Structures are given as structure tokens and as C-alpha cells.
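First the structure, in the form of C-alpha cells, and then the observations on it.
Bear in mind that the values here come from a model prediction, so they are computed numbers and not experimental data. All residue numbers refer to positions in the sequence shown, counting from 1.
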Amino acid sequence: TTVHANNVFDVLGRFAHMQVDAYAFVAALNGILAQRLVRIVCEQCAVPMQPSSQLLADSGLHVPAVSDWTFRTGRGCAHCRGTGYRGRRAIGELLLLNDELREAIVMRAPARRLKELAIAGGSRLMRTAVLDLVERGQTTLIEANRVTALA
């Protein structure tokens, strides 16, 4: 089925809000895929840039940890119609349920605990996927913050 939600954990909340029986829900659920589209920096007008320390802090990043990242932004040109972006790329997160996650969902564990279990089980969050694009200069930190919430 399709559920409109910002991430895989919001899907769980949507079904709980609809008062779907948690046990029946997890018994029928194999996994959840959430995806978003991220605008890509225009290759024709891309220039290096260094985000402010405030933007880094607001993004949950620290200067030493991102010192080797390739930050870029688009100046705006005829190819991108002055936006600095041309094209989009899908990012996603996949939550495959295991017994531990199923039990936590039935017990209505907080989202923080579900995220911990998902990461321990090998899930990669959407925020991590978009920050990989920022690190390679394919999108901007501002775009990453617009599309995903801080982890």
C-alpha cells in the first residue's frame, strides 16, 4: 500500500493513529520504503562554497567532521533557469522488520528506540543518504535540510 509520510517511522504512527491493531499490522508487514526527491546542483554553474558554522550547527554537523567534504552550490544560469539546481535524485530509507522491531512496534516503543533498532539491524536513514550527496557536492546542505529532518 502507499502511505504519505516523511519517513518510515511516520508510517508506523499513521497506522497507529488509524487505530490499526499493532499485532495484526506487524504480522502483515515485511518492510517500509520511504523516499524523497532531492534537487541536484546544476553542473553548468556549480561553484565551491563553504557553509557558515551556524548552518553546519543547525544541520547537526561539526566543522572537523566535514573538513574534507566538497560543498557546492549553483550560481544560477540559463541551463537551470537561475535556480542553481538541475534535475533531481531519489533518496530513500528501507526498514525491513525483524522480530525485535516487530516486538517494539507492538509494545509502542518510542520512535527513538525504533530508530536505534533499525540502525542496529542495518537500516540506513534518509538523512544519511542525503548527507552523502552533500558530502560529494551533488546537492546543497540547505536542500538536504529542506528535504529531511535532523536525525
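Between the CG atom of Leu55 and the OG1 atom of Thr140 there is a distance of 8.5 Å, given to the nearest 0.5 Å. Annotation: the span from Arg102 atom CZ to Asn30 atom CG amounts to 6.5 Å, rounded to 0.5 Å. The structure places CG of Leu94 at 11.5 Å from CG of Leu125, a figure rounded to the nearest 0.5 Å. Taking OH of Tyr85 as the start and OG1 of Thr139 as the end, the distance is 5.5 Å to the nearest 0.5 Å. Here the straight-line distance linking atom CG of Leu133 with atom OG1 of Thr128 works out to 11.5 Å at 0.5 Å rounding. Between His62 atom NE2 and Ser67 atom OG the span is 13.0 Å, to the nearest 0.5 Å.
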Can you list the steps and then say if Gln44 with Arg86 is a side-chain hydrogen bond (donor to acceptor under 3.5 Å, both in side chains)?
CA-CA 9 Å; Gln44 301 299 316; Arg86 183 163 171 89; over 6 Å; no

Determine whether Leu61 and Leu131 satisfy the following criterion, side chain to side chain contact (heavy atoms under 4.5 Å, CB included), listing intermediate values before the conclusion.
CA-CA 10 Å; Leu61 300 172; Leu131 289 178; 4.2 Å; yes

Begin from the C-alpha positions of Thr73 and Val47 and carry the test side chain to side chain contact (heavy atoms under 4.5 Å, CB included) through to its verdict.
CA-CA 6 Å; Thr73 190; Val47 294; 3.9 Å; yes

Arg127 and Asn145: CA distance, side-chain angles, deciding distance, side chain to side chain contact (heavy atoms under 4.5 Å, CB included) verdict:
CA-CA 9 Å; Arg127 182 71 179 174; Asn145 291 345; 2.8 Å; yes

Evaluate side chain to side chain contact (heavy atoms under 4.5 Å, CB included) for Leu114 paired with Val8, printing each intermediate quantity in order.
CA-CA 10 Å; Leu114 296 175; Val8 294; over 6 Å; no

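Partner of Arg36 under the side chain to side chain contact (heavy atoms under 4.5 Å, CB included) criterion, out of Arg89, Glu93, Arg88, Met126: Met126 alone. Of the residues listed (Leu96, Leu95, Leu101), the one engaging Ser123 in a side chain to side chain contact (heavy atoms under 4.5 Å, CB included) is Leu95, and it is the only one.
Considering every non-hydrogen atom in both Gly84 and Cys80, the closest pair reads N-SG, 3.1 Å. Closest approach of Asp10 and Ala5 over heavy atoms only: CB-CB, 3.7 Å.
Sorted by first and then second residue, the salt bridge (Lys or Arg N to Asp or Glu O under 4.0 Å) pairs with a member in residues 39-53 read Arg39-Glu143, Glu43-Arg72; sequence neighbours excluded. Under the ring pair (Phe, Tyr, Trp, His ring centres under 6.0 Å) criterion, the residue pairs touching residues 24-51 are Phe15-Phe25, with sequence neighbours excluded.
At least one donor-acceptor pair under 3.5 Å links the side chain of Arg14 to the backbone N or O of His4.
Leu33 and Leu29 are members of different hydrophobic clusters when ILVMFWY side chains are connected at heavy-atom separations under 4.5 Å. Cluster annotation: Val11 and Ile119 are assigned to the same hydrophobic cluster (Ile/Leu/Val/Met/Phe/Trp/Tyr, side-chain heavy-atom contacts under 4.5 Å, transitive). In the hydrophobic clustering of this structure, Val147 does not group with Leu37; members are Ile, Leu, Val, Met, Phe, Trp, Tyr whose side-chain heavy atoms approach within less than 4.5 Å, directly or through other members.
Within the 4.5 Å cutoff, the side chain of Thr148 has heavy atoms near those of the Ile91 side chain. A heavy-atom distance below 4.5 Å is found between the side chains of Arg113 and Glu116. Looking at heavy atoms from C-beta onward, Ile105 lies in side-chain contact with Leu97 at the 4.5 angstrom threshold. Between Val26 and Glu103, the closest side-chain pair of non-hydrogen atoms is not below 4.5 Å.
Shown here is Asp68, whose CG atom has more than 12 heavy atoms of other residues, nucleotides or ligands within 6.0 Å. At most 12 heavy atoms of other shown residues, nucleotides or ligands fall within 6.0 angstrom of atom CZ in Arg81. Counted within 6.0 Å of CE on Met107, heavy atoms from surrounding residues, nucleotides or ligands total 12 or fewer; the atom is thus considered open.
In this structure Phe71 satisfies the ring-ring contact (aromatic ring centres under 6.0 Å, His included) test together with Trp69, sequence neighbours excluded.
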